[in-house]
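Residue numbering restarts at 1 for every chain, and letters A, B, ... go by the order of the sequence lines.
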Amino acid sequence: MIARTVAAAAASLALAVGSAGCLSFYEIGVETPIQAKLDVSPFQRVLVAGFVTGGSRNIDPNTETARLLRSQLRTKSDLKVVDTDVMQLADEIDKRRGAAQTPSPTDEPRIKNEQDLQAYEEIFKDADYWKKIGAEFQMPLIITGTVLFTEVEKSGVVNKPTSFVDSQGITRYQESRTYSELKGYALAPKFIFIDGRTGQVLYSEGFHEERLYPKDQNTPALSTYFELMDSLLPSFLNTLSTQRIRGTRILLK
Amino acid sequence: MTKRVLLAAALILATALPAYADKRSDAKAQVSFGILVAQKHLWKEAARAWERATELDPTYAAAWNNLGIGYEQLGRFNDARKAYDKAQELDPNNTLIRNNNDQFREIYDRQNRRSGGR
């Protein structure tokens, strides 16, 4: 009798454990909120002032970046975007230094690399200058910074999918390592957020992205620029507003 | 002697099992309710139901997993991390829980990296 009771209890325990192991699940779409990095509640307006840019002359990163960020902010932030001419910050610094702004006869860019760019970064610490700009545009949040868009050439061994027909006549694919010469562009923007009321830097964030293509492939600089910007725009926008990352999760029963 | 041990074991099982089953079934009801409201994107209510489920049965991995999802949707990332970790600790071989946790971790790490900011 006792043995039977114990056996029954053990069986029910096994059943309980078994049924616990047999889980039912539900896939659900989620939108995970990522909190904004900056509290922009003191501002009603945002001014994408302009950028100190350098590197390739195939595009104008200053105008393109300002235009792109303004259009993104218009649709994806609650701040009113100030519509004004894009500031030529590099010219402003050169003017302060008394340097002549004659175009280089070799068509060489003024700023070729990070090192050249650093020499121009002093302007971002000039609180009086930004305060003056802020007063001109009704104390907005000012977005400025640096953008380096450079041509890159690399060579090395890369994995490439290659097709072959097997003994049964079926086309199959396999990864093969081949030496390849690549070229493309690197984009290294640094976004600086300045309080238009005080001229002080509130936050800054830098990025580095690269896209490489086979050397014989002709990819326009501007399309690569947009491709590169696309990958870092969510992070940029997340500085000002809460972003939602879409995905799925599995709910369990 | 053996009979006594068997009797004691039977008594323990006979009393503990129904209590456990009751708690688990109450917790399951909360989990089901949570799923129902989560499907309507009422994450606050869902999280509350799953909190109750984990209070009723702290060994219920599914409830902790769901609670992790609920907290994640409410932006309570530190709580979500703890809930997901608890679910994985309770059911380490469950790939569904692991996948949820991995996907959450990607976002959580990104958010924390960005907190380093300036």
- Any idea which of B:V31, B:I107, B:N99 has the most non-hydrogen atom pairs under 4.5 angstrom with chain A? B:I107
- Item | Interchain contact, A:I245 with chain B, by part (heavy-atom threshold 4.5 Å) | side chain
- Item | Distance in Å, A:M139 CE paired with A:R197 CZ, rounded so as to fall on 0.5 Å steps | 9.0 Å
- Does anything in residues 48-56 of chain B get under 4.5 Å of chain A by heavy atoms, and if so which residues? B:W50
- Heavy-atom distances under 4.5 Å only: say whether B:A63 touches chain A with side chain, backbone, both or neither. neither
- Item | chain B contact via A:L251 - which portion, at a heavy-atom distance below 4.5 Å | both
- Query: Side chains of B:R81 and B:Y108: do they bring a donor and an acceptor to under 3.5 Å?
  - Reply: yes
- Message: The criterion is salt bridge (charged side-chain N to carboxylate O under 4.0 Å, His left out); which residues satisfy it with A:D230, sequence neighbours excluded?
- Response: none
- Task: Would you check if there is a donor-acceptor pair between the side chains of A:E205 and A:S235 at a distance under 3.5 Å?
- Result: no
- Message: Assess, by modelled atom type and distance only, whether the side chains of A:Q243 and A:S241 contain a donor and an acceptor separated by less than 3.5 Å.
- Response: yes
- Message: Going by salt bridge (charged side-chain N to carboxylate O under 4.0 Å, His left out), name the residues that satisfy it together with A:E136, two or more places apart in sequence or in a different chain.
- Response: none
- Go through the atoms of B:N100 and report whether side chain, backbone, both or neither lie under 4.5 Å from a heavy atom of chain A. both
- NZ/NE/NH1/NH2 to OD/OE distance under 4.0 Å, B:D91 and B:K86: no
- Note on the structure: Sequence neighbours excluded, the answer for salt bridge (charged side-chain N to carboxylate O under 4.0 Å, His left out) partners of A:R74 is A:D83
